[in-house]
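First comes the structure, then the notes that go with it.
Lettering of chains follows the sequences in order, A, B, ..., and the numbering in each one begins at 1.
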Number of protein chains: 2
Amino acid sequence: MLNLSVSTVSRALKDHPDISESTKQKIRDLAAVLEYEPNTYAINLRTNGSREFGVIVPSVSNYFYQSFISSLEEEARLYGYSLLILQSGDDPLIEQENLKRCRQTRVAGVFVAITSSTVDLTSFLKLTEIDIPVIFFDKVPSYEACNKVCVGDTSAAVLGAEALVQKGKLNILAVFGDPRMSITRKREEAFTHVIEKAELETTLTKAYAGSFLEALTVTEELLTKAERPDAIFCMSDEILTGVMKCLQKLNLKTPQDIGVIAISDGFIPTLYYPEITYAETSGTKLAKLSFTRMLSCLSGSPFVQELRLDSILVEGGSL
Amino acid sequence: MLNLSVSTVSRALKDHPDISESTKQKIRDLAAVLEYEPNTYAINLRTNGSREFGVIVPSVSNYFYQSFISSLEEEARLYGYSLLILQSGDDPLIEQENLKRCRQTRVAGVFVAITSSTVDLTSFLKLTEIDIPVIFFDKVPSYEACNKVCVGDTSAAVLGAEALVQKGKLNILAVFGDPRMSITRKREEAFTHVIEKAELETTLTKAYAGSFLEALTVTEELLTKAERPDAIFCMSDEILTGVMKCLQKLNLKTPQDIGVIAISDGFIPTLYYPEITYAETSGTKLAKLSFTRMLSCLSGSPFVQELRLDSILVEGGSL
DNA sequence: AACATTTCCGCAAACGATTGTTGTGGAAAA
DNA sequence: TTTTCCACAACAATCGTTTGCGGAAATGTT
C-alpha cells in the first residue's frame with residue numbers, strides 16, 4: 001500500500017536507523033490502522049526459539065505445585081514468557097511423552113518436578129545438550145550434574161523437630177510420606193537426628209502414608225492405642241489434612257489434647273482453628289528462585305548448581 | 001547423506017506412495033539414527049496453526065480452576081494439544097494483555113474465565129473473528145453471542161436449599177460471595193426462591209463475604225448472637241473454609257450443633273470429619289464439556305451456545 | 001564540475017517443511 | 001524400432017520475518 005518493500009517495513013517497525021523518520025512514521029501509522037501483528041511462527045522459525053517455558057509436574061491439583069505455578073507464571077509474564085503446563089500423573093511414561101513434547105515444541109526451557117519413580121534421566125540430559133535448560137525443582141533427582149532448586153528438606157524437618165523438642169513433647173508421632181521418595185528419606189533422617197541428639201527420653205513413633213487416606217487411617221490406628229502421643233509431626237500438606245481429619249474424627253483438640261506441627265506451603269494450615277504451626281516450604285519463593293536460575297542459564301551461565309531454600313517456622317497455635 | 005532431496009525425505013516420512021519402499025526404509029532408518037524431529041516452528045508457519053490452547057483464569061491457585069485445568073490438560077494431551085496458562089490476577093488489564101498474547105502466539109483456541117470486572121468483550125470477539133474459538137467457562141459474560149460453558153448455578157443452589165428444607169432446618173444462615181458477581185446473584189436468587197416457596201416458618205439470614213477471612217468474621221458475628229441458626233449454607237469452597245474455621249473456633253460440631261451444606265468442587269468437603277454435604281460443581285466435568293465444545297468449534301460448527309452442567313448432591317455427614 | 005560521502009531503500013537468501021509440477025530413466029506396448 | 005506409460009525423485013514456490021549487501025539518489029567537498 002505504501003509501495004515499500006517488506007524489508008523496509010521490517011526495519012521501520014524495529015526503528016532501524018537506515019530508514020528515514022518520515023517513512024517510519026507512515027509505516028507505523030498504517031501498521032496501527034491495519035492492526036498488524038508480527039507472525040510469531042515466522043519469528044520462531046527465524047530465531048529458532050520461542051518465549052515459552054515447559055512446566056512438567058505430577059499434577060497441578062497439588063497443594064504445592066499450584067502456588068509454584070502461580071508464582072512462576074507471574075514471574076514469567078513480566079519477562080514476556082508463557083508457561084506450557086504438562087502433567088505426568090506421576091507416571092514416568094507420560095513424563096517422557098511430555099518431555100518429548102517440550103523438545104518438539106522447542107520451548108525455551110523446562111521446569112520439571114519428576115515423578116516418584118523417575119529413574120532414567122537421559123532424555124532430560126538430552127534436552128540440556130541441545131541448549132534447552134532444564135531446571136529440576138522440588139522433586140529432584142539425585143544425579144549430580146543438573147540444575148536443582150528445592151526446598152531445604154533438612155532445614156524444614158530440623159525446624160519442626162526443634163520446635164517439638166523445645167515444647168517439651170516427649171511422645172511424638174511422626175507421619176511421613178512414601179518411603180521410596182528421596183524427599184521422605186531426607187526429611188525423616190533430619191527429623192530423627194534432631195530428636196535423638198536432644199538426648200531426652202523421647203518416644204518417637206514413625207508412620208508412613210502414601211496418600212491422604214492412608215494418613216488418616218494410620219494415624220487413627222496409632223492414636224487409639226494406649227499411650228497417646230502428645231504431638232504429631234506431619235511431613236507434608238497431604239499428610240496434615242489426613243491427620244487433621246483424624247483428629248476431628250476422634251474429637252481431639254489442638255493444642256490441648258495433642259500438638260500438631262507440619263511442613264507446609266502455608267495454605268492448608270490456615271484452614272484450621274487454631275492455625276497449624278508449620279515449617280514453611282514456600283512454592284512462591286521456590287518459583288522465583290527457579291526462574292532466576294532459568295534466566296541465568298539462558299544467558300549462558302554454564303554453572304550447574306543445586307540451590308536450597310531455607311525454611312522458616314510459622315507459629316500457629318497448634319503446638 | 002543419502003543423496004536424496006528434501007522433498008523426497010519429507011514424502012518418505014509421511015509414507016507418500018510416490019516414494020519407493022526401499023528408499024522409504026532407508027530414510028526412516030537414518031531418521032531414527034539421527035533422531036530427526038520435524039521443526040514445529042516451520043510446521044506452524046506453513047500450516048498457520050499450532051497445537052496449543054490458551055487458558056486464561058483469574059488465578060490457578062483457586063479451588064475450582066485447579067481441577068478444571070488439571071482435567072483440561074489430561075483431555076488436551078489425548079488429542080495432542082498443550083495448554084498455555086495465563087493468569088489475569090482478576091485484573092481486566094492483565095486479562096487484555098493475556099488475550100493479546102494468545103493472539104500473537106496464535107493459539108488454536110482460548111478457554112477463559114473472565115475477571116469479576118470484565119466489561120469490554122470486543123477483544124474476545126475479535127479473536128473469534130480471526131477463527132480462534134473462544135470458550136468462556138465458569139465466569140461467563142452475560143453477552144449472548146458467545147460460547148459459554150458453566151456450572152448450573154441455579155441447579156446447585158436449588159439442590160442445597162432443597163436439602164435444607166427436607167432436613168427440616170428452620171433457622172438458616174446463608175453465606176454468599178461478593179454480591180457484585182453475577183454468580184452470587186444467581187445462586188442467592190435460586191436459593192431464596194426455594195426456601196420461600198416451601199412456605200415454612202423459616203428464618204433465613206443472609207450474609208456476604210468477599211474472602212475467606214470475611215466469611216470467618218461474618219459467620220462468627222452471626223453465630224454468637226442469640227438464636228443460633230441450625231444450619232449454614234455456603235455458596236462456595238472459599239466461604240466453606242471460612243465457615244468451618246469459625247465452627248472450629250466456636251467449638252461447634254456438625255451435624256449435632258449445627259448443619260452445614262455447601263456448593264463445592266468436592267475436594268474441600270472431604271477435609272473435614274464428618275465430610276461436608278455439598279452440591280457438586282465439578283471442575284472436571286466442566287473441563288470435559290468445554291473441551292468437547294472447543295473441538296466442535298474447531299471442526300467448524302458455527303453454532304454458538306450456552307451449556308450448563310447440572311449438579312448433583314453429594315451426601316456427607318454434615319447436615 | 002568532478003568526486004566522495006551519506007542517506008535511504010530494495011534484492012535476495014536464509015529459517016524448515018510441504019506440495020504441485022516437472023523431469024528422467026526403464027519397461028511394456030505398438 | 002518407436003511410442004507410451006509408469007515409477008520415482010528432484011525442482012521450485014510458499015509460509016512471514018530478518019539481515020547482509022549493494023545500488024541509486026541526494027548531499028557534501030574540493
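Where DNA chain D meets chain A (any atom under 4.0 Å from a heavy atom), the bounding nucleotides read 5' to 3' are dG16(D) to dC21(D).
S20(A) comes within contact range of the sugar-phosphate backbone alone, with a heavy-atom separation under 4.0 Å but no base atom that close.
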N/O donor-acceptor pairs under 3.5 Å from side chains in residues 123-136 of chain A, not counting sequence neighbours:
residue, atom, partner, partner atom, Å
S123(A), OG, Q96(A), OE1, 2.7
S123(A), OG, Q96(A), NE2, 3.1
K126(A), NZ, E35(B), OE2, 3.0
T128(A), OG1, F124(A), O, 3.3

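With salt bridges taken as basic N to acidic carboxylate O contacts below 4.0 Å, one links E21(A) and R28(A). Using a cutoff of 4.0 Å between basic side-chain nitrogens and carboxylate oxygens, R77(B) and E97(A) are scored as salt-bridged.
Summarising the geometry, the separation between CD1 on I19(A) and P on dT6(C) is reported as 18 Å, rounded to the nearest angstrom. Atoms CD (E21(A)) and C1' (dC9(C)) sit 15 Å apart, rounded to a whole Å. The separation between Q25(A) atom CD and dC8(C) atom P is 15 Å, rounded to whole Å.
Position along DNA chain D of the nearest nucleotide to R106(B) versus S5(B) favours S5(B) as the more 5'-ward residue. Taking for each of R11(B) and Y36(B) the nucleotide of DNA chain C with the nearest heavy atom, the 5'-most of the two is the partner of Y36(B).
A donor-acceptor contact shorter than 3.5 Å is absent between the side chain of E306(A) and the backbone of N147(A). A donor-acceptor pair is defined here as one N or O able to donate and one able to accept, closer than 3.5 Å; no such pair exists between the side chain of T105(B) and the backbone of C102(B). Looking only at distances, a side-chain donor or acceptor of Y41(B) sits under 3.5 Å from a matching main-chain atom of R106(A).
Side-chain contact check for S116(A) and D90(A): at least one donor-acceptor pair (N or O, by modelled atom type) lies under 3.5 Å. Side-chain polar atoms of R101(B) and S82(A) form a donor-acceptor pair below 3.5 angstrom.
Using a 4.0 Å cutoff on non-hydrogen atoms, the parts of residues 40-53 of chain A near DNA chain C are L45(A), R46(A), ordered by number.
For dC9(C), one of the phosphate oxygens OP1 or OP2 lies less than 4.0 angstrom from a side-chain nitrogen or oxygen of T23(A).
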